Amino acid sequence: KKEEMAKVEAKKLNFAQKQLAKVPLVRRAFKMTREEAMINDASIFFRDGIRAGAFTSKGSMGPDEKAALKKWLELLAVSLPPEWGLHVLIEHLLISLDVVSKSVAEMNKVLNKHRLPQSMWSDSCKKSKLGAMKCGMYKLLHTVSLGIAEHRGGLNLVESGMVEHNKTTFSPAEAGDAIHDYIMYFVREESCRKDFLDSYDNCDYRLCHRLSESKEESLPDDWKQVSLWIWEVHNADNLIFLNTTVNKNVKSKGGKLPTMEQEIKALWPPLNECLVCIDDSGEWNEDAVFEYLERSYWEGPDTKYDKLLSFKRLHGQDFTAGGFIWFMLVGAVAVALIAARQIKGASTNHGLKRPKSTSVSVSDINRKLAEFMVGNFNVKKC
């Protein structure tokens, strides 16, 4: 009975949270911030990849898959922001790797001990044109690749004493290999893996020459290259999606091929947000792009995230307050809905209208600049 009551209470809380997300007056208290959404989606992609795993028909993980998982976990341990709670799960998986690699059941035992605060994708990934799984994949890859630069493959953590001296560290090239092997063996969604693996095997985006093999001799610019490589792959993916979508419309509806403006809008960062990301000749300014990546993917989460979204007991403290929060939520929703109706009525009676929204247009972008930008994202081979 207690378990059934707990399930009912959890359903009530989830329902209340969903309703509150629709109410502007109280939305900010429960809706994830951009940083929290990034952590949430990256964590879901990590968990789902591990859960699906690369188990053979006999139910166990092969030696290549097990080695790939070990390297991936070791890479995450020295590249993710230290404050991420995902480190607890990563360390548990590393310690029990011999056991969890034997079967899906053993893997799930560990995963179930470290449940995520949220089990659903954020709105940003739900609405992503690339799909939720690929959205989560890129959020995790951007964060990991930035961490490689921030921590010098883990060397900074070892030298500062933040981790054990025998912790595995990575050169830029070793980090690239670990990312490749994980996607090859553990990412099952074909749309997430095929283009990535093909570009890696073909040495696209200067890959065979840009990733340094050395840890000790790598310069700051060398450590940035993993992040810039992932950025180029992601941008190319955006263009592939655009061309695929437009080509389908061309064949079915007699539409036109992508315009220069459409291709520019598909690239990231947006020009209106990072003018310095393009130099005077129309080439990407990679130092500026890297700084933009840092601002976008290397920021800390709000400390209230766990308490507001998980409703879990931590150290004996019940954040649901015995159901009190449930009643508070219902009251807040009711008050907000009544207020909304009154405002709507007042707007109707007095003929009030909302101001029209404005947006930044890119139609006035210099054509020469545009040609350089799009040209830089054609497939490059060394």
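What you see is a predicted model; the values in this text were computed from it and never measured.
- Ion pairing between a basic and an acidic side chain is recognised when a charged N comes within 4.0 Å of a carboxylate O; D222 and R210 show no such pairing.
- S124 and S122 share a donor-acceptor pair across their side chains, judged by distance under 3.5 Å alone.
- Using modelled atom types, one side-chain atom of H151 and one backbone atom of V78 make a donor-acceptor pair closer than 3.5 Å.
- For the pair E286 and R206, the salt-bridge criterion is met [side-chain N within less than 4.0 Å of a carboxylate O].
- The pair K167-E74 does not meet the salt-bridge criterion, since no charged nitrogen lies less than 4.0 angstrom from a carboxylate oxygen.
- Here the two rings, on W268 and Y292, have centers that are under 6.0 Å apart.
- Proximity of a side-chain donor or acceptor of S96 to a complementary backbone N or O of V99 within less than 3.5 Å is not detected.
- Between W229 and H180, the gap from one ring centroid to the other reaches at least 6.0 Å.
- Without hydrogens or angle criteria, R34 side chain to S296 main chain gives a donor-acceptor distance under 3.5 Å.
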Applying salt bridge (Lys or Arg N to Asp or Glu O under 4.0 Å), run through D177 and K71 and close with a yes or a no. CA-CA 9 Å; D177 289 340; K71 282 296 181 185; over 6 Å; no

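- Between D237 and K134 there is a salt bridge, since at least one side-chain N of the basic residue sits less than 4.0 Å from a carboxylate O of the acidic one.
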Verdict with supporting geometry, M61 and M107, side chain to side chain contact (heavy atoms under 4.5 Å, CB included): CA-CA 11 Å; M61 195 179 293; M107 176 68 76; 4.2 Å; yes

I would like to know whether F46 and I90 meet side chain to side chain contact (heavy atoms under 4.5 Å, CB included); could you show each step before the answer? CA-CA 10 Å; F46 169 79; I90 292 168; 4.1 Å; yes

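- Using a 4.5 Å cut-off between side-chain heavy atoms of Ile, Leu, Val, Met, Phe, Trp and Tyr, with links allowed through other members, W231 and L275 fall into different hydrophobic clusters.
- Annotation for W121 and D41: closest pair CZ3-O, 3.4 Å, computed over non-hydrogen atoms.
- Taking CG of L239 as the reference point, atom OG1 of T244 lies at 10.5 Å (rounded to 0.5 Å).
- L69 and V88 are members of different hydrophobic clusters when ILVMFWY side chains are connected at heavy-atom separations under 4.5 Å.
- Using a 4.0 Å cut-off between charged side-chain N and carboxylate O, D48 and R188 make no salt bridge.
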